[in-house]
Amino acid sequence: MADVSAALGKDLVGLEPLSREQIQLILDTAEPFKEVSERQIKKVPALRGKTIVNLFFEASTRTRISFEFAEKRLSADTVNVAASGSSVSKGETLVDTARNLEAMRIDMVVIRHPASGAAQFLGNRIRSNVINAGDGKHEHPTQGLLDLLTLRDKFGKIEGLKVAICGDVLHSRVARSNIWGLTKLGAEVAVCGPATLLPRDIRELGVTVLPRIEEAIQWADALNVLRLQLERMQGGFIPSLREYNRVFGVTSERLDQAPKDLVILHPGPMNRGVEIDSDVADGPHSVILPQVTNGVAVRMAVLYLLAGGSPDWATASSRSDER
Amino acid sequence: MPSPIRLLDDAALARALQRMALEIIERAGGTSRLVLVGIQRRGVQLAERLALLIERDHGTIRRGKLDITLYRDDLQAIGPRPVVGETSLPPDIDGAIVVIVDDVLFTGRTIRAALDEVADFGRPRQILLCELVDRGGRELPIHADIVGQSVTTGPGDHVDVRVKELDGEDGVYLVRGDG
């Protein structure tokens, strides 16, 4: 039984503010939710009557659909708001948009925004629960959680694992959430990529820097291969995509040199032939699709835990066995 | 704190389960369509014991587990429980005779939730309710078909069912509340 004092609070803005126990609570809660998605009727009434707004200021397919499935499988009512085609494109501020939504009596907001800190900013200003679905280069906590869950499924535990995060760490909120989550749960983390795509102060987060992909492959139990975020690069970070693939691409030739079979993660969407080759992405050690499946379960767990508000845990647990 | 009153010791609990197993077969008209479903947590162990008793004289029977947490009607009031247990039902329960096995029947709200959850998995021909202890105090029109022991209790009382697998001993205790 997880520590009952580990409730999550009002918002989920990142894995940095969470304790090890809170992260473990989310992962443990996600386990039974996996089964709900395998049922013929993929729905439980836990969040019936709750209204959730998915507020997406950036393009997203996987994350938005995954949140929507999670919400619907918990019986919540959902509304999707995209930046284009809403009053955001008329210049309305983030807070005004959210306050107007709140005036329609919503309960939760799932937000993706290009500005780092947007989720925290919003969470401090509205009463509804706020869940960060990616804010700039800051964090993408549910992606970090689903990576943790996938690694735990594969290895049985996170503690002691060696995970190398490869590629465009500089622009990656996924990398940050992974680093926080993995180190809190006792994994060793290394980052690997061209120096232009590694944040200068990355060592302060307690990670090792491996300059060559071959070293990462020798060292790691699992590789989390990041997407080269072409849309966030205004030139000059890498000579060319072909050059990037030649030096840092995760290819089966390189993986053949590893002392053991490496588990391969990728947050998607993939640039096949750039950061990862197709035969690796589709190979036997890739867990890229299980990551997507776990994403729904982890998001259900987060929604479920946040929706309870600040429960009186003592009463809840003593009443639970007998009614 | 008043000392607990023992309602059933391990021998009495074993006898009660023997009788309940016979009643289950009688009510279900055999074992061919029977599915025993235990409610998390102690209903799961009780269902397993009943299944083993039935299987001594009959063939293997199908079984399942149900965690009703996500179907509770007071989720918002008490907040989510930290960890939800496993739910697993046999693949095809349409036309089956499902026996829900639970430790203590009190308000009936757990069973209301369990019925909703079972309905999301299929349409059994019949659902029966089997309770080790019926302590009265119903808040919903629900009754048990097969009961191990009935006991009159007050709202502040607590009935404590203990099973070897989780608690190291078999027994049922009544703890009187204040007032």
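Naming: A, B, ... by sequence-line order, numbering from 1 per chain.
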Taking every heavy atom of A:P32 against every heavy atom of B:G85, the minimum-distance pair comes out as CB-O, 3.6 Å
Answer yes or no: are there more than 12 heavy-atom neighbours, outside B:K65 itself, under 6.0 Å from its atom NZ?
-> no
Problem - Within 6.0 angstrom of A:F69 CZ, more than 12 heavy atoms from elsewhere - result: no
One should read off an interatomic distance between B:L70 CG and A:F33 CZ, to the nearest 0.5 angstrom, of 4.5 Å
Would you say CZ of A:R125 has more than 12 non-hydrogen atoms from neighbouring residues, nucleotides or ligands within 6.0 angstrom?
yes
* B:E117 bridged to A:R39 by N-O distance under 4.0 Å -> yes
Partner of A:E35 under side-chain contact (heavy atoms from CB on, under 4.5 Å), picked from B:T87, B:D67, B:V84, is B:T87
So for atom CZ, which belongs to B:R19, do other residues, nucleotides or ligands contribute more than 12 heavy atoms lying within a distance under 6.0 Å?
yes
The interface call for A:K43 against chain B, heavy-atom contacts under 4.5 Å, is backbone
Discussion item. So for atom NZ, which belongs to A:K154, do other residues, nucleotides or ligands contribute more than 12 heavy atoms lying within a distance under 6.0 Å?
Written reply: no
Indicate yes or no: at least one non-hydrogen side-chain atom of A:V44 is less than 4.5 angstrom from one of B:Y71. yes
